[in-house]
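The next block holds one structure in the form of structure tokens; read it before the comments.
Bear in mind the structure is a predicted one, so any value in this text is a computation, not a measurement.
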Amino acid sequence: MARPDILFPVFAEIDGLKGVGPKALKAYGRLGIATVRDLLFHVPGAIVDRRPVESLAEVMPGTTVTVMVDIVGHHPPRRRGGPYRVAVEGGGTFLELVFFRHAEWLAEKLAPGARRLISGRLDRFDDRWQIVHPDHLLAPEEAGALPAFEPVYALAEGLQQRSVARAVAGAMARLPALAEWHDPALLQREGWPPFASALVAVHQPSDASALSPASPARRRLAYDELFSHQLALALGRASVRRGRGRETVEPEGAPVTGPAAAAFGYAPTGAQARALAEIRHDMAQPERMMRLLQGDVGAGKTWVAAMALLVACAAGGQGALMAPTEILARQHGRGLARLAEAAGVALTVLTGRDRGAARAEKLERIAAGEVGIIIGTHALFSDDVTFADLRLAVVDEQHRFGVRQRMELASKAPRGCDLLIMTATPIPRTLALAGYGDLDISILDEKPPGRSPVDTRLVSLGRVDDVVERLRAAVAAGRRAYWVCPAVEDRPDSDAVAAEARARVLGTALGPERVALVHGQMAAEARDAAMAAFQSGERQVLVATTVIEVGVDVPEATIMVIEQADRFGLAQLHQLRGRVGRGAGQSHCLLLYDPPLGETAAARLAILRESEDGFRIAEEDLRLRGAGDVIGTAQSGLPRFRLADLELDAGLMETAQNDARALLAVDPGLERERGQAVRLLLHLMERDASIRLLTSG
């Protein structure tokens, strides 16, 4: 869809703005600013109060002040390179203006006897008040040019606050009058200003609260960004659901899931039964299912996925489960084999390691429909993989894959297939809406009965020898343990404990025949062999990096040692702890830390010791680390926002999703009057993919 003519001035390059020359253009480029639109959304990060004061008597050192002064005299430096001082009187006291870079203009600009309005940081030095390099030096007749509240922008080398403010003012002048894209009732209820007025309020603040998360202008702009994002997700959802779908139902006369559930040996929890019912309902509809199955550690999401895969098979089709690692794919294969056999469904595991005749045979059986459940890694969407009738695609640990990859798997079903995405990482609701707003969500918030809480303790690294001795006794008693380290190998530029070094130490202490090592840099064959030795009990201690964070299931393992636990995120620690406590016996998690602990690290470890509720832990992780860090690590597929704050705007995100879906329900092509205005917002927020969906749909 071509960009509307009315927006051309907004997407013009900034070199047309006054004061933006070639050097400034490069500096703006380092900030990611190339167009007028970029400048409009380069909102200030702070506000400085520049209101003049009459007296400095009550001002605390370190405060920015603006005061009218009389120039008393100049005191050049006594030695080369020393500070140049200008004595002034104002605000009921004497003070000095200090310059470390003397220029000829000082004598004229600050001539003795002249009056000047100065603004800058007031400090105390050698029992004298001083302002070092004032931000503003203005003649009385120029005082009106100084704003009462001055915005502070992020800068790059070669830019100054005043030059950026001038460029932003030029950008604001180019903003055309745009039709309102929000429901007037929403604006009235929230007390939000029009779009242009909101931009003026943040770029030209009239008070110190203009950038507060609670200010009407700030919330309006945040909502514009969140609404456009949720609208983009909703358009993607509508596009997929418009595609060919299948009604997938298990026939009553040919039960498949019943025998499999009986073979499982445990009754499902209420949450599992509820989630499976939601999935069955979606699969039975003519539209494609797009659902996220979110489960806490050990909540049994794999059982739910297995039942859904068997429903696809019972309906005469196939189901595919894509895992992020070969270890996890093969573990899924072993775990589901018993259920598939009880149901009379053939199952195979396909990974990149399959070669030659063995791979060709698997591909032939998959294409012929002789295999009902196919489990694998990225290999599942290789060009040579053809399904006979793919009804359901399950993607495990979605944050390890991109949206494009999960859609590639779904595209393997030209007759249409449902999509179920699983994550064992509890996601705060705000982040779930940000990353998965196009999906319906099922939550597993119960653990199977009979599991004991994991005894979690904090232990100083100074007592690591005691931990090794206790581990020796546990191993002698036949118990199995994980020992997780933050690094693979020793590096001269890092003090992170290396798994390879720890494996050697434990091998010496416990016997090398008892210790296995797993990390992501190992060859797949060696990694699988080490895991198999640990799972079978041939090796009793597995030293690893976070490669075992997700999905590894060894019920006999009852001890988890996490070395330098203060270096890990809270959600990651919860996932690692979840590798134990999977059987009926008492399990223990020891968090070894480097003393002294910082305030945030101490709070993180204390929360982990107090709670095993993954959803509470995820919310605390968001609170302690901030959305940026959480998104940048565990939730790498989630978007970054320039105007909205995911920690502070949780309520706005949910409102945005509801409003976006409601709008598309009555105007799916955004053709009506408000829809046309919303198209302008999509262009402004550069939601190119959603604009293409509108064009194609």
Side-chain angles (χ1 to χ4, degrees), residues 324-328 330-331 397 400 458-472 474-475 479-554 556-580 587-594 601 605 608 633-634:
T325 66
E326 195 163 314
I327 289 176
L328 193 50
R330 295 191 180 282
Q331 179 176 286
E397 293 309 318
R400 304 287 185 90
L458 308 184
V459 181
S460 167
L461 269 171
R463 296 175 53 200
V464 69
D465 291 342
D466 295 339
V467 174
V468 173
E469 284 305 309
R470 292 196 175 196
L471 186 59
R472 186 202 308 276
V475 167
R479 301 176 69 186
R480 276 181 251 176
Y482 297 96
W483 191 301
V484 176
C485 299
V488 172
E489 57 187 9
D490 287 319
R491 291 175 47 185
D493 60 341
S494 173
D495 59 353
V497 174
E500 291 180 344
R502 179 54 66 192
R504 288 193 295 270
V505 170
L506 292 178
T508 300
L510 309 177
E513 73 284 355
R514 287 178 162 171
V515 179
L517 173 66
V518 170
H519 57 72
Q521 296 178 18
M522 295 170 65
E525 292 84 353
R527 202 165 56 228
D528 282 355
M531 278 299 308
F534 181 64
Q535 287 170 324
S536 68
E538 179 186 340
R539 300 290 176 99
Q540 291 168 273
V541 177
L542 182 66
V543 180
T545 57
T546 55
V547 70
I548 64 152
E549 173 188 345
V550 171
V552 175
D553 188 9
V554 182
E556 296 82 4
T558 58
I559 299 172
M560 168 62 73
V561 180
I562 305 175
E563 193 156 1
Q564 291 182 311
D566 45 304
R567 292 172 178 257
F568 296 90
L570 190 49
Q572 193 173 42
L573 289 170
H574 178 61
Q575 289 294 321
L576 289 169
R577 178 175 60 181
R579 298 313 99 209
V580 297
S587 292
H588 304 271
C589 178
L590 302 182
L591 306 174
L592 306 188
Y593 65 90
D594 281 322
L605 297 184
L608 199 73
T633 54

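Under a 3.5 Å cut-off, the side chain of Thr325 and the backbone N or O of Leu328 do form a donor-acceptor pair. Without hydrogens or angle criteria, Arg527 side chain to Ile327 main chain gives no donor-acceptor distance under 3.5 Å. Panel note: side chain Arg480, backbone Val554; no donor-acceptor pair is recorded below 3.5 Å.
Atom-to-atom distance recorded for Arg330:CZ and Met531:CE is 13.0 Å, nearest 0.5 angstrom. In this structure, CD in Gln572 is found 13.0 Å from CZ in Arg567, a value given to the nearest 0.5 Å.
Among all heavy-atom pairs drawn from Pro486 and Gln564, the shortest one is CG-OE1, 3.2 Å. Taking all atoms of both residues into account, the shortest heavy-atom contact from Ala499 to Val543 is O-CG1, 3.5 Å. Counting all heavy atoms, side chain and backbone alike, Cys589 lies closest to Ile562 at SG-CD1, 4.2 Å. Closest approach of Asp566 to Ala601, counting heavy atoms only: CB-CB, 4.1 Å. Across all their heavy atoms, Ala530 and Leu517 have their closest contact at CB-O, 3.4 Å. Across every non-hydrogen atom of Ala557 and Phe534, the tightest pair is CB-CZ, 4.0 Å.
Atom CZ of Arg479 has more than 12 heavy atoms from other residues, nucleotides or ligands within 6.0 Å.
Looking at heavy atoms from C-beta onward, Val515 lies out of side-chain contact with Arg504 at the 4.5 angstrom threshold. Using a 4.5 Å heavy-atom threshold, the side chains of Val459 and Val561 count as separate. Residues Thr546 and Gln575 form no side-chain contact, since every pair of their non-hydrogen atoms from C-beta on lies 4.5 Å or further apart. For the pair Tyr482 and Val518, the minimum side-chain heavy-atom distance is 4.5 Å or more. At a threshold of 4.5 Å between non-hydrogen side-chain atoms, the residues Trp483 and Val467 count as touching. Between Val464 and Arg502, some side-chain heavy-atom pair lies under the 4.5 Å cut-off. Residues Thr558 and His588 are not in side-chain contact: their nearest non-hydrogen atoms beyond the backbone lie 4.5 Å or more apart. Contact of the Ile548 side chain with the Leu576 side chain is registered, since non-hydrogen atoms from C-beta on lie closer than 4.5 Å.
Screening Met560, Arg579, Glu563 against Val484 for a side chain to side chain contact (heavy atoms under 4.5 Å, CB included) leaves a single residue, Met560.
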Step by step, would you call Leu591 with Arg577 a side chain to side chain contact (heavy atoms under 4.5 Å, CB included)?
CA-CA 10 Å; Leu591 306 174; Arg577 178 175 60 181; over 6 Å; no

